[in-house]
Asks: 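Sharing a structure below in structure tokens format, with a few things to ask.
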Amino acid sequence: MKRDHPLLPFALALLAVGLFSLMDALMKGASIAVGAYSALLLRNGIAILLIGPAWLLTRKGWPPRAAMKIHATRGVVAAAMAFTFFWGIARVPLAEGIALSFVAPLIALYLAALLLGESIQPKAVGASLLGIAGVAIIVFGRARTVGWEGETGWGTASIFLSSALYAWNLVLQRQQAQLGPPIEVATFQTAGMGTVLLLFAPLMFELPGREIWPTIGASAVLALAAALLLAWAYARAEAQALVPLEYSGFLWASLFGWMFFAEVLTVPVIVGVVLIVVACWIAAPRKPPEQTAA
């Protein structure tokens, strides 16, 4: 059997991050046009139509109660996380929003200690302070250059909230990986998100015009394709080698922000993201976690 090129997992992981960033750019445009809630609800509906049949064809039974409890919890957290993120990036530059979201792994360290009983290493404390410094530079840089006029401040706060929820999502993801295969995890997360979002439809849903549907549909396909590419890559290379590639999302977001929204990077954002990435690198474990690809 022909072996894959050793660099192929890295190339596909890099491509996957780019596809996720392109999806974020498309969802930013859709959120501006029709609102973050409506864009997210419709994207979620398209995603469940794509992944649901795959789970039905491969499932070996209904998940046990313990797994369903985690699935349900993650569905609620993921719905709030996604909504607050897309609502936020509709009001701040895309690259800046991605940069602020990089603090999630640092927050996850403390949530894992609180919820899973994991110990916090001394280096993680120092890394957290460095990450906070990076965030402060980005936030005060924006306040100094363009101020907090309009909804900019609320957008930044929304991304912070999304980052905290994403950190919780990472902890739940670790628990989920031990209870079900990746396709089950993805299916029930998508279904759980849809259920939560539907509760607010009578108050928040706005049917988009026909010109927005291709954008929302493409974002659903991009998200699914990126997830599959990452699953393939993480099954063939160590997590500690692939995780740093996720920070390339800032470069992709900078490119797509410039292409689609004429957004320009500022010096405080560049300095801040460097500090945040270095902090995450310091805090990251040096041994790959034993978990299934998701």
Side-chain angles (χ1 to χ4, degrees), residues 10-40 42-44 46-47 81-104 134-135 137-139 141-142 145-147 149-152 154-156 158-159 162-163 166 208-230 233 242 244-274 276-277:
F10 297 90
L12 293 184
L14 190 63
L15 175 61
V17 175
L19 294 181
F20 270 130
S21 298
L22 179 57
M23 180 272 294
D24 288 337
L26 294 181
M27 284 295 292
K28 176 183 173 86
S31 297
I32 293 173
V34 74
Y37 171 82
S38 298
L40 181 59
L42 293 173
R43 194 205 71 170
N44 191 85
I46 295 171
M81 172 195 75
F83 172 74
T84 51
F85 178 74
F86 291 127
W87 193 91
I89 63 171
R91 290 157 176 81
V92 300
L94 184 61
E96 185 173 322
I98 296 295
L100 292 172
S101 71
F102 284 163
V103 300
V135 170
I137 290 174
I138 294 174
V139 171
R142 166 152 292 275
T145 55
V146 299
E149 296 179 0
E151 297 183 318
T152 301
W154 289 111
T156 301
S158 185
I159 294 173
S162 178
S163 298
Y166 181 51
R210 288 183 295 177
E211 70 278 3
I212 301 299
W213 281 91
T215 300
I216 297 174
S219 68
V221 173
L222 287 171
L224 180 58
L228 292 174
L229 287 175
L230 279 181
L242 292 177
L245 295 178
E246 297 194 15
Y247 296 116
S248 68
F250 176 76
L251 301 178
W252 289 110
S254 301
L255 173 63
F256 296 134
W258 171 73
M259 288 176 58
F260 296 123
F261 308 105
E263 297 172 349
V264 179
L265 284 177
T266 62
V267 172
V269 171
I270 296 174
V271 174
V273 77
V274 168
I276 293 170
V277 170

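Numbering of residues begins at 1 and proceeds along the displayed sequence.
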Asks: Would you mind reporting whether P208 and W213 have side-chain heavy atoms less than 4.5 Å apart?
Replies: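 In short, these two side chains touch, coming nearer than 4.5 Å.
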Asks: Among F85, Y247, F20, which one satisfies side chain to side chain contact (heavy atoms under 4.5 Å, CB included) with I98?
Replies: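 Only one of F85, Y247, F20 forms a side chain to side chain contact (heavy atoms under 4.5 Å, CB included) with I98, namely F85.
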Asks: Please say whether the positively charged group of K28, taken as NZ for Lys or CZ for Arg, lies over the ring of F261, i.e. under 6.0 angstrom from the six-membered ring centre and within 45 degrees of the axis.
Replies: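 That pair qualifies as a cation-pi contact.
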Asks: Any heavy-atom pair between the side chains of W252 and L14 that's under 4.5 Å?
Replies: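 With C-beta onward as the side chain, the pair touches.
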Asks: A253 and L94: which non-hydrogen atoms are nearest, and at how many Å?
Replies: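 In this case the closest contact between A253 and L94 is O-CD2, 3.8 Å.
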Asks: Considering all heavy atoms of both residues, which atom of A25 and which atom of F256 are nearest to each other, and what is their separation?
Replies: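 Scanning both residues completely, I find the closest heavy atoms to be CB-CB, 3.9 Å.
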Asks: Indicate yes or no for a side-chain donor-acceptor contact from S158 to the backbone of W154 under 3.5 Å, with no hydrogens or angles considered.
Replies: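 Judged by distance alone, no pair lies under 3.5 Å.
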Asks: Heavy-atom count check: over 12 atoms from other residues, nucleotides or ligands less than 6.0 Å from F86 CZ?
Replies: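 Correct, the count exceeds 12.
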Asks: Hey, could you give me the CG/CE distance between L222 and M27, rounded to the nearest 0.5 Å?
Replies: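 It is 11.5 Å, given to the nearest 0.5 Å.
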Asks: If you measure from CG on N44 to CD1 on I216, what distance do you get to the nearest 0.5 Å?
Replies: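 Rounded to the nearest 0.5 Å, the CG-CD1 separation comes to 12.0 Å.
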Asks: Could you walk me through whether F250 and V269 pass the side-chain contact (heavy atoms from CB on, under 4.5 Å) check?
Replies: CA-CA 10 Å; F250 176 76; V269 171; 3.7 Å; yes
Asks: Hey, what do you get for CD (E96) to OG (S254), rounding to the nearest 0.5 Å?
Replies: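 If I round to the nearest 0.5 Å, the distance is 10.5 Å.
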Asks: What is the minimum heavy-atom distance between S162 and T84, and which atoms define it?
Replies: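 Looking at all heavy atoms of both residues, the shortest contact is CB-OG1, 3.1 Å.
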Asks: What closest approach, in Å, do A30 and T215 show between heavy atoms, and which atom pair accounts for it?
Replies: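 Between these two residues, the closest heavy atoms are CB-CG2, 4.3 Å.
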Asks: Using 0.5 Å steps for rounding, measure from the OG atom of S219 to the CG atom of L224.
Replies: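 Reported value, rounded in 0.5 Å steps: 11.5 Å.
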Asks: In sequence, state the C-alpha distance, the side-chain angles, and the governing distance for L42 and V34, and then conclude on side-chain contact (heavy atoms from CB on, under 4.5 Å).
Replies: CA-CA 11 Å; L42 293 173; V34 74; 6.0 Å; no
Asks: What are the two closest heavy atoms between G272 and I137, and how far apart are they?
Replies: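 Nearest heavy atoms, G272 then I137: N-CG2, 4.2 Å.
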Asks: Could you pull out the closest heavy-atom pair between V92 and G155, with the gap in Å?
Replies: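 Nearest heavy atoms, V92 then G155: CG1-C, 4.2 Å.
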Asks: Starting at CZ of R91, measure out to OG1 of T156 and round the result to the nearest 0.5 Å.
Replies: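 Those atoms lie 11.5 Å apart.
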Asks: Once you round to the nearest 0.5 Å, how far does OG of S248 lie from CG of L255?
Replies: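 Nearest 0.5 Å value for the OG-CG distance: 11.5 Å.
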